[in-house]
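For reference, the structure is listed below as structure tokens.
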Amino acid sequence: MPREFLSIDPSQLPKHFDSKESERKWDKFWQANKIYEYETPDTRDQSFVIDTPPPTVSGSLHIGHVFSYTQTDIVARYQRMCGKKVFYPLGWDDNGLPTERRVQNYFHVRCDPKTPYQRDLKIEIPTKEQEKEHPRIVSRENFIELCHRVTQEDEKTFEELYRRIGLSIDWREVYATIDDRCRKISQLSFLDLFQKNHIYNLESPTMWDVDFQTAVAQAEVEDRQQGSAFHNIQFCIQNSKRTFVIATTRPELLPACIGVAAHPDDERYKELFGRQALTPLFRVPVPVFSTELADPEKGTGILMVCSFGDATDVQWWKEKKLNLRQIIGKNGRLLPVDFKSELWPSTTPEEAQKFYDQLAGKNVRQARSAIVELLRLPEASAAQDAKVPLQGEPQPLEHAVKFFEKGDRPLEFVTTRQWFVGLLKQKEALLKKGDEIKWFPDFMRSRYRNWTDNLQFDWCISRQRYFGVPIPVWYPIDEEGRTLYDKAILPESRQLPVDPMIHTPRNFSESQRDQPGGFCADPDVFDTWFTSSLTPMITAKWGLDDTRMKQLFPADIRPQAHEIIRTWAFYTIAKSLLHENSIPWKSALISGWILDPDRKKMSKSKGNAVTPIHLLDEYSSDAVRYWAGSARLGVDTAFDEQILKIGKRLTTKIYNASKFVLMQRSPAGPVTQNLDLSFLKALQQLVENATKSMEQFNYAQCLQDTEKFFWSNFTDTYIEIVKVRAKEGTEEQKISAIASLRLGLSVLLRLFAPHLPFVTEEVWAWAFAKEISEPSIHKSPWPSTKDFEALSLPTSSEEFENAAALYSVINKFKTTHNISIGAPVEFLKISASKEKIDAIASSLQDIFGATKLSRHEFQARPIEGFEVSAN
RNA sequence: GGGCAGUUAGCUCAGUUGGUAGAGCGCCACCCUUACAAGGUGGAUGUCAUAGGUUCGACCCCUAUACUGCCCACCA
């Protein structure tokens, strides 16, 4: 032990903690000293691996970007202090639609894959005049270049923010979901799934967004309430006088009608089953069939089946082997139709054609109003009574309609060829893997179960977009010019990443592209989740580095938000199952949402988002982290600037208390006094509880307990009580007080360090860093029994609690008599039980010193705590 | 319609296995006290959503109801 404790001269320190300066300084220091760089340990269990969510880089930051990331960082810092080698990477999610949309708006361009690539194409941000013109058309490759340009700028902004709030990320381990490694691993994933027969392509009706003109997966679909109307339309039975009225909200799909259905027990329609009905206007015969899915109470109890109004239509189409009369095109407009063809066997083809020609080319909304007018014409009737088909006026109703979550118009079912991952048959295995994972909070597990249980479709992974990972597939073209979709040509894994639009498959030459006897490229890209679902495998370099894979997979934790359990969590579990038959991570940490003061979810699109930078400037990173670290996992939190103020106050208090403790000069020595040891016993109990909380990822509990102890036990009580002794006591008493104050501070700083990395590092550097020659508090050991093992601590902290109680009672006496706490008191009579009076004996000198009490007299009375009076 | 949460002081939230209701903010009063006025000391404030039940005893366990939020389904 050195001869004197290392102390500071407070006059050399700034009066107030300069958070901005501290944030700059320590970020540089951590970087320079490689504090957060992952070092490979000998065994897997010495690592703590984090599967960090790749943020969508969107240019505009909001407070949500720091909330859950800070929570993860707190866990990372705790594990690092516990001696784990923390693997804490970060990915940028720049792949996908949000980026495409931003590029379109930012540069005022549109992508057309048929446009040739232009090398050195210069595109600048358009002027106001240029923005009024038509958007500039660019090739797919040029478009992708622009995507990179935009995302790189955004990534810089994000990195600055994440450094500013002190995320202890290993910045060497940064990836982008569109970079070479991610493209390669995504394509490897495709190859592996293909070889394992988990993947197939199929031409079938798929949910389709008519604006983005791409297929979408079940997970990207959301319901929205929409105003609509029931239209009652009269059909008739072919070669019969019998008529009936169906109710539909989609009259424009009448030409796509492929059947009529009612409930098998419905007496009104029983006799019709098995017969052919004629549609009005077009007079196309369609079969009438019975189905349990029809609800006799709804509408008129009998309905028309179209290709395709909704998912049940698709189901009936498959089950009843109905015709395919696709009239909605990929752009959402009605396709041309030939009523003389076999597919539309109209009994009056010429009239049908005339009617339809008034609809062709219109979008859904336009076609609907047009067909409603046509249905008001008597000549539209299919029945012999020639009644107007549209019976009465449409009756308005509200109902849920499926939308692509990013889309503006309802989804249509359009028949296209898409790639799928077979997940339906994996349900049981997926549920089992979900149960092997620990969920925090545990009830989030049921979100996963719920979704997995109700899965209805295999995963459609192909998207008709540009800025994404290309599907690594070519198809042969036979001599007649037909594309052989069932003979897909896949690249070899060492060729990856490939772009089949640019690269040529083996045994073919570029001149054979799109030629009979040649090949063609699959033009599609993957659903972004196809890549995102690989994050724990991307960081572990699956397929590229087997050693690293063993070290880093499965990860320890996956932090994420709850609304993407059905996407990110679900697909990641699916991928790990299919590729590795493993769980992807041991624990899932599900963060809550930030709500605005009106308790609405904060989001950019709602315009109620709070931007973080001015908060960091005003309150400091530590204060913002304090707010984020106060919120428990899975609990939605209203944004409250008050809490930032409290956080800032806490950092100030830590700074000042540290200054006080470390300015005490004293020879080095042991803790010997009972009160000091009793205080340290209380501290040791705090350490136990805090550690228990952190092990459960309950960082908020840890903070709350530590803060309470720090403020009430340490600064307001213990420091105040021993202050006088630290200055005026005997050498041994002084040393004990100061040694105990320093140990207390050292432990508390380390308990605070994961939450408040800047102020704790700042203070740590004054003395403790040199004493234990560990330059950063963030690599110093998390407090444990080791900190106390040299001391003979009492079995309880009762003595300290008694001293605190008596000290408080004397303060109360002063306050109620309007005396300053610092004012001396001549005499007090102290009442307490005999046991308490005996127990307090060794602390009395400190208490009387702290309260400036000159004389006292004890009175033993059977009361709960202490009481004092002036006579 | 199914599922998951939540409802505690004016506000934001804690409340361990059932044992007399907690913190911070805000409010009120007092105090410049040599680390800190960006502070300190003290005070007031609750039918723990409602109704039953179990129990010697319920914020806590059980049942039902109401309200709020979320996830899923409903789409003719």
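Remember, it's a predicted structure, so these values are computed and weren't measured experimentally. A note on names: the letters A, B, ... follow the listed sequences, proteins ahead of strands, and every chain is numbered from 1. Heavy atoms only: backbone and side chains are in, while hydrogens, waters and symmetry mates are out.
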For B:C74, take OP1 and OP2 only and decide whether either is under 4.0 Å from a side-chain N or O of A:Gln226. no
Name the closest nucleotide to the A:Lys708 side chain, picking from B:A23, B:C72, B:U12. B:A23
To the closest 0.5 Å, what do you measure between CD1 (A:Ile821) and CZ (A:Phe813)? 11.5 Å
Can you tell me if A:Glu762 and A:Tyr655 form a side-chain donor-acceptor pair at under 3.5 Å? no
We want to know whether A:Asp310 and A:Thr312 form a side-chain donor-acceptor pair, criterion being a heavy-atom distance below 3.5 angstrom. yes
In this structure, how many angstroms lie between the P atom of B:G69 and the CG atom of A:Asp636, rounded? 12 Å
P-based separation of B:G22 from B:C48 [nearest Å]: 14 Å
Upstream residue (5' side of RNA chain B) when A:Trp316 and A:His562 are each assigned their closest nucleotide: A:His562
Please measure how far the C1' atom in B:U12 lies from the corresponding atom in B:U17, and state the result in whole Å. 28 Å
Atom CZ of A:Phe710 to atom P of B:G39: distance rounded to whole Å? 12 Å
Do the ring planes of A:Phe752 and A:Phe710 sit parallel (below 30°), tilted (30 to 60°) or perpendicular (above 60°)? perpendicular
In dot-bracket form, 5' to 3', how is RNA chain B paired? Count Watson-Crick and G-U wobble pairs only if both distances fall under 3.5 Å, and write | where the partner sits on another strand. (((((((..((((.....[..)))).(((((.......))))).....(((((..]....))))))))))))....
When rounded to the nearest Å, what value does the distance between P atoms of B:G53 and B:U7 take? 24 Å
Hey, can you tell me if A:Phe289 and A:Trp316 have their rings parallel, tilted or perpendicular (30° and 60° cut-offs)? perpendicular
Length of the CD1-P vector between A:Ile594 and B:C13, whole Å: 12 Å
Per-nucleotide protein contact along nucleotides 30-35 of chain B, 5' to 3', at a 4.0 Å heavy-atom cut-off (B base, S sugar-phosphate only, - neither), is SS-B-B
Which part of the nucleic acid, if any, lies within reach of A:Trp439 when heavy atoms closer than 4.0 Å are counted: base, sugar-phosphate only, or nothing? nothing
Rounded C1' spacing from B:A38 to B:C25 in Å: 15 Å
Taking the six-membered ring for Trp, are A:Trp627 and A:Phe67 closer than 6.0 Å centroid to centroid? yes
With a cut-off of 6.0 Å (strictly less than), are more than 12 heavy atoms of other residues, nucleotides or ligands near NZ of A:Lys427? yes
Work out how far the C1' atom of B:C62 is from that of B:G18, and round it to whole angstrom. 13 Å
Integer-rounded Å distance: B:A5 C1' and A:Met444 CE: 8 Å
When you measure from the side chain of A:Gln701, which nucleotide among B:A14, B:G42, B:G3 comes out closest? B:A14
Is the phosphate of B:G40 approached by A:Trp711 (side-chain N or O, under 4.0 Å from OP1 or OP2)? yes
Determine the Euclidean distance between corresponding C1' atoms of B:U63 and B:U54; express it in Å to zero decimal places. 11 Å
Which value, in whole Å, describes the distance between the P atoms of nucleotides B:A35 and B:G40? 14 Å
Kindly point out which of B:A14, B:U12, B:C75 is positioned nearest to the side chain of A:Val635? B:A14
NZ of A:Lys659: more than 12 outside heavy atoms within 6.0 angstrom? yes
Rounded to whole Å, please give me the gap between CD in A:Glu707 and C1' in B:U12. 13 Å
What contact category does A:Arg632 fall into here, base, sugar-phosphate, or nothing, at under 4.0 angstrom with non-hydrogen atoms? sugar-phosphate
Report yes or no: is the cationic atom of A:Lys402 (NZ for Lys, CZ for Arg) under 6.0 Å from the centre of the six-membered ring of A:Phe413, at an angle within 45° of the ring normal? no
Tell me yes or no: between the side chains of A:Ser740 and A:Tyr718, is some donor less than 3.5 Å from an acceptor? yes
Report which part of the nucleic acid A:Asp313 touches: base, sugar-phosphate, or nothing (heavy-atom distance under 4.0 Å, all strands). nothing
Given RNA chain B, 5'-ward residue of the pair A:Phe17 and A:Ser808, judged by closest heavy atom: A:Phe17
Describe the nucleic acid contact of A:Glu297 in one word from base, sugar-phosphate, nothing, applying a heavy-atom distance below 4.0 Å. nothing
Taking the P atom of each, how far is B:A73 from B:U68, in whole Å? 22 Å
To the nearest Å, how far apart are A:Arg649 CZ and B:A37 P? 13 Å
Considering every strand and a 4.0 Å limit on heavy-atom distances, what is the contact class for A:Thr652: base, sugar-phosphate, or nothing? base
Ignoring hydrogens and angles, state whether a donor on the side chain of A:Trp766 or A:Ser658 is under 3.5 Å from an acceptor on the partner side chain. no
For a quick check of understanding: with a heavy-atom distance under 4.0 Å over all strands, which category does A:Ala700 fall into, base, sugar-phosphate or nothing? nothing
A:Asn689-A:Gln685 side chain donor-acceptor pair, cut-off 3.5 Å: no
Atom CD of A:Glu222 and atom P of B:C75: how far apart are they, to the nearest Å? 18 Å
Could you give the CZ-to-P distance, from A:Arg566 to B:C70, as a whole number of Å? 14 Å
Which is true for A:Asp310 with a 4.0 Å heavy-atom rule: it touches a base, it touches only sugar-phosphate, or it touches nothing? sugar-phosphate
